[in-house]
Amino acid sequence: MTEGTINKKVRVRFAPSPTGGLHLGGVRTVLFNYLFAKQQGGDFIVRIEDTDQTRFVEGAEDYIFDTLKWCGLTPDESPLHGGPFAPYRQSERKPMYKEFADKLVSEGKAYYAFDTAEELDAKRKEINNFQYSHATRGLMKNSLTLSEAEVAELLANNTPYVIRILLPDEEEVKFTDLIRGEVTFNTKEVDDKVLLKADGMPTYHLAVVVDDYKMQITHAFRGEEWLPSAPVHILLWKYLFGLENMPQWAHLPLILKPDGNGKLSKRDGDRLGFPTFSLDWIDPKTKEVTIGFRERGFLPEAFVNMLAALGWNDGSGQELFSLEELIAKFSIDRVHKGGAKFDYEKAKWYNQEWIKKLPVASYKEQVAGLLAKKGIVANDNLEQVLELVRERCVLLNDFVEQAGFFFKPSATPDIAAIQPKWDEKKNMFFIELIRAYELSTLWEASDLEIEFKELVAAHQLKPGELMLPFRIMLVGGKFGPGVFEIAAILGKEETLSRIKHVLSLF
RNA sequence: GGAGCGUUGGUCAAGGGGUUAAGACAUCUCCCUUUCACGGAGGAAUCACGGGUUCGAUUCCCGUACGCUCUACCA
């Protein structure tokens with residue numbers, strides 16, 4: 001912690017653009033924001049950055065809040081939750097930004113530019129690696145090259161214009177990044193970014209700075225892709241509000257695609273068959289559905305845990321963390337500098353661990369819902385069943401196969417697995433077994449096993465030959481917990497009925 | 001092209017002048033289990049390269065290579 005933030009309450013913000021589903025990297029950015037804020041006893045603010053009206057997507061904002069809710073990351077202030085710094089949507093704050101852009105112009109820190117898109121394009125073609133900067137701004141149509149009278153006239157005629165920041169020709173801009181340490185840029189390498197667009201909306205550059213100031217943000221986390229534009233934001237802070245009030249920056253490493261190189265994208269998930277979005281996202285225009293981690297069968301605990309581990313660890317070797325533990329143990333110092341390739345296998349492992357770790361009651365309802373979708377109605381045995389099969393489920397959806405047969409016999413028992421070795425002796429055995437079980441008064445797994453094995457011995461058969469057929473009869477396939485435990489839960493009536501049914505198939 | 005940032009097994013990574021260079025996922029072998037898992041034991045596999053500094057560099061410094069990000073009136 002450095003001067004300026006010592007006595008301030010920690011306030012962080014997550015500032016997404018509502019342009020579509022929330023990507024893994026986005027959720028991780030929220031997470032780190034949240035963890036840091038809560039650990040410091042601070043506030044977590046969500047601000048919607050919807051300054052680009054052309055990219056607005058219906059439903060995207062709701063999606064962001066649905067994701068936060070699912071993950072258990074509750075904002076202290078947001079357009080939804082309200083707060084003392086409302087409004088929290090940049091589109092609703094439009095007049096605020098112009099005031100500061102104008103102030104910069106009047107102080108000579110920014111200028112009007114009247115270049116049309118076509119003129120800009122032409123210049124880019126004409127000059128290699130064109131940048132609107134100290135080297136080229138003299139060639140363009142702006143209030144630096146035009147006379148005062150010309151500018152006044154253009155303005156009077158409502159000629160469209162943008163306001164660009166006037167960067168120093170050559171100046172070192174240094175700042176300390178919480179993750180990377182000291183970072184230096186020279187202004188000669190960066191261009192005069194647009195601050196206010198022709199439609200009167202601010203660009204991200206102006207909006208973040210103004211809003212972070214107005215909302216008293218103390219720490220700003222964002223993806224590493226923002227690093228190159230950091231000098232613009234720092235200069236803006238210096239010109240507008242003073243460096244001493246600037247939040248501390250932390251540029252998070254990127255999440256990379258599992259194969260090859262580069263940022264993980266939605267397309268990589270589609271291509272490789274795993275989700276990259278938190279929840280299902282349906283594009284309102286194309287109706288295209290992108291699967292989310294939730295719908296794939298991930299528990300929010302696992303999703304959050306997996307995300308936190310992508311770029312951070314506590315150094316102890318511990319891998320499983322609840323949200324509460326993450327809040328307690330998170331530290332920026334231990335965030336990695338380098339990007340991490342996303343590994344879906346590891347992500348699934350986290351989920352499997354959380355399925356084993358959490359009380360089954362916490363996901364019982366969801367599993368019941370999943371079963372219902374397949375036309376399976378669970379009964380009172382559900383919790384007991386989940387307890388029994390949980391360790392063989394990686395995703396919640398796996399419960400459909402692993403637990404479903406307890407409530408609905410398999411429509412297609414895998415007879416092929418036992419038919420080749422089926423004979424009259426085995427048939428006789430099961431007929432005897434039905435009789436024996438019908439008479440038994442005890443229905444515990446251990447009793448059933450003893451009876452079964454005694455009968456096997458009496459028939460001079462080997463248990464190994466009969467166990468698989470028995471399993472196929474009860475389960476329908478070669479999987480699941482111990483057969484006698486299954487029979488115990490199924491109960492006498494259902495067990496016998498399943499044996500009889502499969503017997504009738506031969 | 002330029003700038004910035006990064007680089008420990010296949011992947012996530014611990015470590016940070018002297019270590020047999022943790023652990024996890026994945027993979028392989030074995031044990032347990034008359035199914036499938038879980039669990040247990042073990043194996044294979046790593047400090048990008050080149051120079052320094054040093055008695056000693058994976059660790060510090062400088063280069064190089066490679067990768068990524070940015071280079072929009074998008075965020």
Side-chain angles (χ1 to χ4, degrees), chain A residues 15-19 26 49-52 54-55 90 113 115-117 120-121 124 128-133 160-164 177 179-181 183-186 188-191 193-205 207-208 222-231 251 253-254 256 258-263 306 309-320 334 336-350 352-353 356 389-394 398 401-402 414 417 462-468 470-472 475 477-483 486:
Chain A
S17 292
T19 55
E49 309 226 339
D50 54 351
T51 55
D52 186 359
T54 63
R55 294 215 308 163
Q90 289 183 333
D115 317 273
T116 63
L120 249 13
D121 271 351
R124 280 191 256 265
N128 229 307
N129 300 319
F130 173 82
Q131 286 219 124
Y132 208 118
S133 67
Y161 67 90
V162 300
I163 293 179
R164 289 180 181 269
D177 185 276
I179 293 171
R180 277 144 231 285
V183 181
T184 310
F185 288 89
N186 194 306
K188 72 178 176 190
E189 311 292 354
V190 349
D191 56 342
K193 297 278 185 220
V194 170
L195 302 179
L196 202 74
K197 300 186 259 189
D199 65 0
M201 277 289 196
T203 58
Y204 170 82
H205 307 293
V208 244
R222 64 189 354 177
E224 190 187 344
E225 67 267 26
W226 288 108
L227 205 45
S229 52
H251 289 90
L254 267 14
L256 277 14
D259 58 342
N261 300 302
K263 247 199 311 193
M306 173 272 287
L310 227 43
W312 173 87
N313 69 82
D314 79 338
S316 73
Q318 180 179 348
E319 301 217 61
L320 263 25
R334 297 198 58 91
H336 254 247
K337 292 184 176 72
K341 289 186 181 178
F342 177 68
D343 182 358
Y344 187 54
E345 292 306 316
K346 187 79 186 236
K348 286 194 290 189
W349 175 81
Y350 278 106
Q352 184 174 22
E353 291 302 311
K356 287 192 283 184
V389 305
R390 70 202 298 195
E391 65 198 18
R392 49 206 91 204
C393 295
V394 174
D398 293 337
E401 182 181 41
Q402 295 294 335
D414 186 9
K462 287 177 194 147
E465 299 177 89
L466 282 333
M467 294 288 274
L468 186 61
F470 193 29
R471 170 174 297 281
I472 299 292
V475 177
K478 289 157 67 166
F479 63 91
V483 257
I486 294 170

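In what follows, chains are A, B, ... by sequence order, proteins preceding strands, each numbered from 1.
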Rounding to an integer number of angstrom, what distance separates [N] and [M] when you compare their [atom1] atoms?
N     : M     : atom1 : answer
B:G51 : B:A45 : P     : 26 Å
B:C47 : B:A22 : P     : 13 Å
B:U59 : B:G18 : P     : 11 Å
B:U27 : B:U64 : P     : 41 Å
B:A48 : B:C66 : P     : 16 Å
B:A26 : B:G40 : P     : 13 Å
B:A14 : B:U46 : C1'   : 13 Å
B:A57 : B:U53 : C1'   : 10 Å

At 4.0 Å (heavy atoms only), tell me whether [X] reaches a base, stays on the sugar-phosphate, or touches nothing.
X        : value
A:Arg471 : base
A:His336 : sugar-phosphate
A:Glu391 : base
A:Arg222 : nothing
A:Gly223 : nothing
A:Lys356 : sugar-phosphate

>> For a quick check, with a 4.0 angstrom heavy-atom cut-off, what is the B/S/- contact string for nucleotides 58-75 of chain B, read 5' to 3'?
In response: ---------SSSSS-BBB
>> Is there a side chain to side chain contact (heavy atoms under 4.5 Å, CB included) between A:Val183 and A:His251? Walk through the geometry before answering.
In response: CA-CA 11 Å; A:Val183 181; A:His251 289 90; over 6 Å; no
Report the distance from atom [atom1] of [X] to atom [atom2] of [N], rounded to the nearest whole Å.
X        : N     : atom1 : atom2 : result
A:Leu468 : B:U35 : CG    : C1'   : 6 Å
A:Lys346 : B:U27 : NZ    : P     : 13 Å
A:Gln402 : B:U35 : CD    : P     : 15 Å
A:Glu319 : B:A14 : CD    : C1'   : 11 Å
A:Tyr350 : B:U11 : OH    : P     : 16 Å
A:Lys337 : B:G4  : NZ    : P     : 17 Å
A:Asn128 : B:G2  : CG    : P     : 12 Å
A:Asn129 : B:A3  : CG    : C1'   : 11 Å

>> Once you measure the plane-to-plane angle for A:His205 and A:Trp226, does it fall in the parallel (<30°), tilted (30-60°) or perpendicular (>60°) bin?
In response: perpendicular
>> Is the ring pair A:Phe342/A:Tyr344 parallel, tilted or perpendicular, if the boundaries are 30 and 60 degrees?
In response: tilted
[N] pairs with which nucleotide, Watson-Crick or G-U wobble, both distances below 3.5 Å?
N     : result
B:A13 : none
B:A26 : none
B:G63 : B:C49
B:C74 : none
B:G18 : B:C55
B:C68 : B:G4

> Short question: side chain of A:Thr51, backbone of A:Met201 - any donor-acceptor pair under 3.5 Å?
Replying inline: no
> Quick check: does any side chain N or O of A:Asp191 sit under 3.5 Å from a backbone N or O of A:Lys193, one acting as donor and the other as acceptor?
Replying inline: no
> Want to settle it: does A:Trp349 or A:Gly338 sit nearer the 5' end of RNA chain B, counting the closest nucleotide to each?
Replying inline: A:Gly338
>> Before you tell me yes or no, could you show the steps for A:Glu224 and A:Ile179 under side chain to side chain contact (heavy atoms under 4.5 Å, CB included), namely the whole-Å CA-CA distance, both residues' side-chain angles and the distance that decides it to 0.1 Å?
In response: CA-CA 10 Å; A:Glu224 190 187 344; A:Ile179 293 171; over 6 Å; no
> Yes or no on side chain to side chain contact (heavy atoms under 4.5 Å, CB included) for A:Arg392 and A:Asp398, after CA distance, side-chain angles and deciding distance?
Replying inline: CA-CA 8 Å; A:Arg392 49 206 91 204; A:Asp398 293 337; over 6 Å; no
>> Once rounded to the nearest 0.5 Å, what's the spacing between atom NZ of A:Lys478 and atom CG of A:Leu468?
In response: 6.0 Å
>> From C-beta outward on A:Glu189, which listed nucleotide comes closest to its side chain: B:A26, B:A3, B:U34?
In response: B:A3
> Checking salt bridge (charged side-chain N to carboxylate O under 4.0 Å, His left out) for the pair A:Lys346/A:Asp343: CA distance, chi angles, key distance, verdict?
Replying inline: CA-CA 5 Å; A:Lys346 187 79 186 236; A:Asp343 182 358; over 6 Å; no
>> On the nucleotide B:A14, are OP1 or OP2 found under 4.0 Å from the side-chain N or O atoms that A:Asn313 carries?
In response: yes
> Would A:Arg164 count as a cation-pi partner of A:Tyr132, with NZ or CZ less than 6.0 Å from the six-membered ring centre and within 45° of the ring normal?
Replying inline: yes
